[in-house]
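Throughout, a chain's letter reflects where its sequence line sits, starting with A, and its residues are numbered from 1. All values below were derived from every heavy atom in this structure, side-chain atoms included, with hydrogens, water molecules and symmetry-related copies excluded. In this text, all values refer to a predicted model and were calculated from it rather than measured experimentally.
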Amino acid sequence: MDTSLLKGLNAEQLAAVTWPPAAALVLAGAGSGKTRVLTTRIAWLLDTEQASVHSIMAVTFTNKAAKEMQHRLGEMVPYSTRAMWLGTFHGLCHRFLRIHYQDAGLPSAFQILDSGDQLSVIKRLLKGLNIADEVLAPKSLQYFINNSKENGQRASVLSANDVAMRQLVQCYQAYDDLCQQEGLVDFAELMLRSYEVMQTHANIRLHYQQRFNHILVDEFQDTNNLQYRWLKLFAGDSAAVFAVGDDDQSIYAFRGANVGNMSALMRDFGIDAPIKLEVNYRSVGHILTAANTLIANNEQRLGKNLRLPDESANAHGEKLRFYWADTDFIEADFVVKEAKARVQEGVAFDNVAVLYRSNAQSRVLEQALFAAGVPYKIYGGLRFYERQEIKHALAYLRMAVHPQDDNAVLRIINMPPRGIGARSIEAVQAVAQDLQLSLWEALLHLATEPKNRKLIVFVELIQNLQIQAQGLDLAETVQAALNLSGLVEHYQNAKGDNQERIDNLQELISAAMAFKPDEVVLDEWASPDTETLPLVAFLSNASLEAGERQAGEGEAALQLMTVHAAKGLEFDTVFLTGLEEGLFPSDYSLQERGGLEEERRLMYVAITRARQRLYLSAAQQRLLHGQSHYAMVSRFVQEIPEDVVQALSSGLKRAQPSLKTREEPLIKAKSKQDSFAGFALGQNVRHEKFGVGVIIDASHKGEHANLKINFGKNGIKELNTQFAKLERVGG
DNA sequence: GCCCTGCCGGTTTTT
DNA sequence: CCGGCAGGGC
């Protein structure tokens, strides 16, 4: 075995990495080396031949995390792992449905709807059904549909007790019918459809259940109900599910994430205790103390405490700095001043982050930074594939492979303007309605009449594109779509500065050049039309991966983002702003069940982003929606022990209710070097009866020791080294 | 077919 | 207060 793989892992990490092939839940605290554990375990499974590239499934939530894993794995494993089922939930569902599109009842060139596309379809649907926005808001229908799907419910199984519900269910059904007819699949549908195929096709189910003997899941606390059921179905009875997550960092309940899946996993898979990764390699001691103390106020926890690595037992670092400003403007000036000073001290700009609870708060900060000439970068806003010019270009490309897409037709039939106005479009829609045709088919029908000159121009344009696409590679096809459509000329001639849009369209060609289609799909996809496969794959990718959510590029700049967006990132210095009651925790959250605890977890995420220095700030008076609001300091600031915080403002103190002082040190570095009769915490051992397990606790007993060992499915045993026959396993 | 005005809404967001 | 969007006017 390649022993260098396991080098440098601490006992907890080692225990997780080398966990026997059985279900496990790893509670990975912030900065505890979670991604490393996940990738090292995969590498270890491959290296020890417990699994092959073919028999492992690894699931993440974001494309970024998937790429990071793929990348790190590439450095650990001497051969290509591109064929591995490693990707986001939705990416893997997409792969599955491309392969099994026939069993799923989908056309081979089915298209993926992103949330914006989905909303357009819904608006179109409601218009067609003559339901006014005031009667049923498109957004609430969208929410209802996605929610139902994420709970595994089709319209057919939903019961309607009242008028409003009946309408929702009917619209849901109509929406699904429309999508089916046009070959459209939304995000939730990707999950639900693949789940249903697995459920109803025993041969497919058995194939995957036998094939995957290891299923690894990242950010497990963020899974929703359907994703959990999906995982269980793929795992079957035999696959070892290895889930990594942190209940304290569960901040997406508002969009369906169910932390309860963590305890459900333990129950359903017979996991006795989670493996805890509690050694934090990121932050100094005072920051960990603040985080630990704060989160201890939550009752709904699996329980976990971050601690320093042994070798830095005394590294408390600087205290947190709290600034209570009179107004949000003064707070912003404070951030600017301190950030500049920090950069003077030698910290790179992009190693300094300014975090806030809601996007609206970035405005004041931006103004102050701009005025001071401090470079900054805001995360948030439009992403590359969500930009209108890109959406237009993609719609042309869709028409090349799947002209039944009415959404695409409506988007580009008069973009750039070619004299086809609302009246003409209505006429096309009427024909489509009468003859039960797609808009494209209706257009073909109408184009037989010479008087419809303008429609004929459009039809010929698209047909031309369709023909050209057959002989061109992907990037050339994109180029052809841009040329034929006249989009670039349109933006050149339109008034205002459209250079950025034109640049983006050029960038789309570069993206097409760099695009590498999913090899697994290309190999297994039994599509009749191999010519257009790369294009369909490119379009799917555009929906699944909307691109970086970031403005600007390049030069060193201060990082501004919401706390949500900061999850998973780390910085030398962090400014946590707007720590006021009503804002953080937000008033909205307090009205919801469990809302306060989720806000506290959000605060916990925010605190644990900082490595060396953490600023907390609040403003007494803040301009919101054009009105002055006065607020008290957030309760979360009060929950941080006084002795790790330094108050910077002289007049107004951190103040208010008396602060609890910490009674016992919260950071107890437990030494992994400590030997308990020759055994160490986290070490893997084999027992002739119980199999392989990990030492999770130990105490001295004379010259012998009592060891608490987790044998996975065989339970946790307390054994005395004097009597038990234990054999050391692994590195 | 485009532009302008008036109104509404206003946590967090990935896929 | 400010931005997005829909609908009406030209």
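One interatomic measurement links the two molecules: CZ of A:R622 to C1' of B:dT11, which rounds to 14 Å at whole-angstrom precision. Between A:K567 atom NZ and B:dT11 atom C1' the separation is 17 Å, expressed in whole Å. The distance from atom CD of A:E581 to atom P of B:dT11 is 17 Å, rounded to the nearest whole Å. Separating the CD atom of A:E150 from the C1' atom of B:dT14 is a distance of 11 Å, rounded to the nearest angstrom.
Look at A:F254 and the base of B:dT12; the rings stack, centres closer than 5.5 Å and planes less than 30° apart.
Electrostatic pairing of A:R635 and A:E581 counts as a salt bridge here, judged by a charged N lying under 4.0 Å from a carboxylate O.
Ring centers of A:H392 and A:Y491: at least 6.0 Å apart, outside the cut-off. A:H564 and A:F254 have their aromatic ring centers within a separation under 6.0 angstrom.
Across B:dT15, B:dT11, B:dT13, the shortest atom-to-atom separation from the side chain of A:H625 is found for B:dT11. The side chain of A:R363 lies closest to C:dC2, out of B:dT13, C:dC2, B:dT11.
Each of A:H90 and A:E598 lies near DNA chain B, and the nucleotide nearest A:E598 is the one positioned closer to the 5' end. When each of A:A565 and A:K454 is assigned the nucleotide of DNA chain B bearing its nearest heavy atom, the one mapping closer to the 5' terminus is A:K454.
Contact annotation: side chain of A:S115 to base of B:dT15, donor-acceptor pair present below 3.5 Å.
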